[in-house]
Each structure stands twice: as structure tokens, then as C-alpha cells.
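In what follows, chains carry the letters A, B, and so on, assigned in the order in which the sequence lines appear, proteins first and then strands, with residues in each chain numbered from 1. Quick caveat, the model's predicted, so the values are computed rather than measured.
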Amino acid sequence: MTIRVQFWSYFKDLSGCAETTEQLPPGATIDQLLKNLYARFPKLSAMQNSTLIAVGLEYQGRSYLLNEGDEVSLFPPVQGG
Amino acid sequence: MTIRVQFWSYFKDLSGCAETTEQLPPGATIDQLLKNLYARFPKLSAMQNSTLIAVGLEYQGRSYLLNEGDEVSLFPPVQGG
Amino acid sequence: MHRLVTLTRDPIFDSAYISQRSMSATMGAAVSFSGVVRGHENGEAITAIEYEANEPMALHQFDILLDLIEEQWPMIETVRIVHRLGKVPVGEPSLWLEIIAPHRAEAFASGQFLIDEMKKSVPIWKKMIG
Amino acid sequence: MHRLVTLTRDPIFDSAYISQRSMSATMGAAVSFSGVVRGHENGEAITAIEYEANEPMALHQFDILLDLIEEQWPMIETVRIVHRLGKVPVGEPSLWLEIIAPHRAEAFASGQFLIDEMKKSVPIWKKMIG
């Protein structure tokens with residue numbers, strides 16, 4: 001399945017792009033997606049412990065089961081206000 | 001000595017006046033002033049436990065020693081805002 | 001700390017007060033509060049509240065509270081307080097205040113402190129108008 | 001509860017928002033907060049902060065927080081939130097919010113809750129402009 005990934009804030013600088021796609025087998029989790037992304041974008045992996053993950057408009061954890069068409073957002077801690 | 005007394009809020013209704021004066025011997029306290037006032041204005045004495053007392057612009061307690069020229073304010077709990 | 005304490009018989013236009021606000025570049029938070037007369041008081045319908053103050057004493061007691069605020073939150077830049085006196089119709093503010101501080105925590109905390117304390121010590125009284 | 005959440009690239013004129021306020025006769029308190037860009041951030045002088053948002057998600061996450069507020073303080077009548085995006089110069093508000101409630105305690109508490117929580121969950125980020 002194809003998963004679209006968007007990067008936000010300085011994660012765009014770390015990955016060098018605003019968005020990308022990943023091919024994953026059915027039943028893959030966010031954890032597997034992250035492993036693939038960290039292989040492609042090593043600078044992102046340094047931020048592992050402060051990475052927030054959303055699918056669509058909702059926050060999700062690493063064990064979330066991805067579905068075809070999911071749009072994943074990865075970003076650093078938020079800083080509004 | 002002559003002490004001027006002002007009543008505020010519904011204490012004016014209880015006493016029937018906005019201000020009065022009391023003659024007191026030198027060394028008199030607010031407590032003595034109140035006794036005299038309660039004799040003249042019995043309705044005020046019902047409010048004894050919720051009477052606030054100021055001399056000039058400052059709150060004072062019942063044992064405050066009055067001085068010639070002091071202006072005393074008596075009023076119920078405040079309710080601003 | 002800048003202090004502006006006003007007792008007035010005129011309506012309070014809080015948007016006008018806010019448009020006059022000035023903050024220096026080290027200040028990051030402005031909290032303002034409007035206390036508005038409600039249509040019921042203790043279960044009874046009212047049309048207005050009439051506020052009476054011992055004005056010189058009220059100004060002095062506000063000043064004492066502002067001293068306490070300055071001591072407890074020395075970084076606060078400005079506190080403005082406006083209390084309306086006389087008849088205030090339902091729906092109109094009787095009290096407006098604003099705190100300008102470096103951070104929101106001290107602005108919120110000092111604003112609540114100021115209102116809580118003024119309701120104990122500032123000689124202003126109300127009378128319900130049916 | 002009325003909810004108005006706005007993400008805008010235009011300057012925030014809080015006095016204009018306040019002059020548009022409407023409160024029903026059971027509401028006695030309006031608390032408003034302006035968060036203003038300061039001239040220093042982490043000890044470094046800056047001229048502006050550039051705000052970026054994941055806009056649809058930010059609006060949704062604000063809505064989740066407003067659900068929580070509605071649950072915890074069911075008497076609140078209105079919450080308005082305006083967050084500016086793009087470059088916000090020092091001295092200008094990046095955030096404005098207002099809570100209208102029957103009493104001041106719930107207006108202050110929910111306002112603080114809203115700001116604390118949005119800083120954890122609403123996807124908005126800043127970049128200092130030197």
C-alpha cells in the first residue's frame with residue numbers, strides 16, 4: 001500500500017522535503033513506516049524521541065495499523081501561542 | 001473629643017443618616033464608640049458581627065485608640081466587581 | 001509598575017481601553033477581565049445594580065492591593081482597573097481590569113488575586129435595582 | 001457553547017474582537033488573553049516569529065480541546081480563539097482568546113486550561129526571525 005507522509009516545521013529541513021510516499025506491505029504499522037523513513041532520512045532519526053505522529057487529523061501511536069490512503073504527518077513538539 | 005462617623009451602603013438605612021458625630025473621652029477606643037452608636041442606633045447593633053470599620057482610609061480593629069479629628073467609617077462587607 | 005485606577009460613573013468601553021494599551025518588548029501577555037451585570041441576582045430578576053463607593057478609601061485600598069501584586073509578581077509592567085459607580089444596567093460591565101506581564105502565568109494569577117482581594121477589601125457596595 | 005476558531009495571516013486587532021462581543025444576560029464574566037511576540041526568545045534578540053500550522057489538524061485539535069472545556073465547564077457560553085500565522089512582528093499578538101462564562105472562576109480556569117493544552121496538542125510551530 002502507498003502511504004503519503006508530510007513533514008512539518010524543521011522536520012522539512014531534516015528530511016529535505018515537505019512530503020514523500022512510502023510503499024508498505026498490508027498490515028504495516030507506523031513503527032515500520034518510521035523505520036523505512038529513518039533509513040531514507042537519517043537526520044530525522046535523531047529526533048525519534050520528540051517526534052509527534054498524526055494520521056489525518058488525529059494523533060496516533062507507533063503501533064497504529066496503517067491503511068491504504070492514510071496520510072501521515074510527522075512533526076516536532078508543537079509551539080503555538 | 002469629637003469623632004465624626006460615616007455610614008455606608010445599607011448602614012445608612014439602618015442608622016437613618018449618612019453621618020453623625022460622637023463625643024468621647026480622651027483615650028476612647030473604637031469599641032467604646034460602637035457601644036455609644038449602638039445605643040443611639042439599635043438596628044446597627046444587629047450587624048455587629050459583619051461590620052467593617054475604617055479610620056480615614058485604613059481598616060482598624062475595635063481596640064484602635066481614637067484621636068481627636070478621626071473620621072470613622074462603618075459599613076457592611078464590601079461587594080465590588 | 002504602571003497603575004491606573006479609575007472610578008467612573010460613565011459606561012466602561014473595554015475595547016477603547018484595549019486599543020489604548022501599550023506594552024514594552026519584554027512583555028508577552030495581556031489578560032483582561034470584564035465583570036458584567038447579570039439579569040438575576042440571588043434568583044431574583046434585576047434590571048441594574050447601583051454601585052456606591054467610599055471613593056478615597058477605595059482608591060487607597062486598590063493601591064494596597066497593587067503594592068501586594070508588585071511584591072509578589074515584580075515583573076508585571078502595568079495594571080489597569082476601572083470600576084463603574086452609580087447605576088449599571090444588566091449587560092454592561094461594572095469592572096474592567098487588565099494585567100500586562102512577561103508571561104501568561106503571572107498575568108492570570110495576579111488578575112485572579114486582584115479580583116478576589118478587591119471583593120474583600122475595597123469599599124464598594126451594590127444595591128439591586130428590580 | 002459558541003465556538004469561533006480562526007487561523008489568520010492578518011494582524012489581530014483584539015479591540016475589534018472585543019467590540020463585537022455578545023453576551024446573554026446570564027453571563028457575568030469575560031476573560032480575554034493576548035499573547036504578544038516578545039523581543040527576545042531564549043536570550044536572543046528577534047524581530048518576529050514566523051508561525052506555521054497544519055491548518056486542518058490545528059482546527060480539529062482546537063475542537064477537541066473545546067469539547068473538553070464544554071464537558072468540564074458546561075456553563076460557558078462562548079469561546080473565541082484567533083491564532084495568527086506567518087510572520088508576526090515583535091509587539092503584535094500571535095494569539096487572542098476570550099471566554100464568556102457566568103462567573104469569573106470558570107472563565108479564568110478554562111482560559112488557562114485552553115492555553116496550556118493548545119501548547120501541547122495544536123500543531124502550530126514557530127521559527128524565530130533574527
Report the option among D/V90, D/V37, D/D116 that has the most heavy-atom pairs separated by less than 4.5 Å from atoms of chain C.
-> D/D116

Any chance you could measure C/I18, atom CD1, to D/I18, atom CD1, to the nearest 0.5 Å?
-> 3.0 Å

Among D/A25, D/G35, D/S34, which has the most heavy-atom pairs under 4.5 Å with chain C?
-> D/S34

Under 4.5 Å to a heavy atom of chain C? For D/V31 that would be both

Which bit of D/S19 comes within less than 4.5 Å of chain C, counting heavy atoms only: side chain, backbone, both or neither?
-> both

Should C/V36 and D/M27 count as side-chain neighbours, where that means a heavy-atom distance under 4.5 Å?
-> no

Flag the one option from C/G28, C/A29, C/G111 with the top tally of heavy-atom pairs under 4.5 Å to chain D.
-> C/G28

Heavy atoms from other residues, nucleotides or ligands near CD of C/Q20 exceed 12 (cutoff 6.0 Å) = yes

Who wins among C/A16, C/S94, C/A30 for the most heavy-atom pairs under 4.5 Å with chain D?
-> C/A30

Looking at CE of D/M23 and CZ of C/R38, how far apart are the two atoms once the value is rounded to the nearest 0.5 Å?
-> 9.5 Å

Just give me the residue among C/G91, C/A105, C/P102, C/A107 that pairs up with chain D most often, heavy atom to heavy atom, under 4.5 Å.
-> C/P102

List the atom of C/S32, the atom of D/S32, and the distance in Å for their closest heavy-atom pair.
-> OG-OG, 2.6 Å

Between the OG1 atom in D/T26 and the NE2 atom in C/H40, the distance rounded to the nearest 0.5 Å is 9.0 Å

Can you say whether the rings of C/F108 and D/F33 are parallel (under 30°), tilted (30 to 60°) or perpendicular (over 60°)?
-> parallel

Take atom NZ in D/K119; do more than 12 heavy atoms of anything else shown fall under 6.0 Å from it?
-> yes

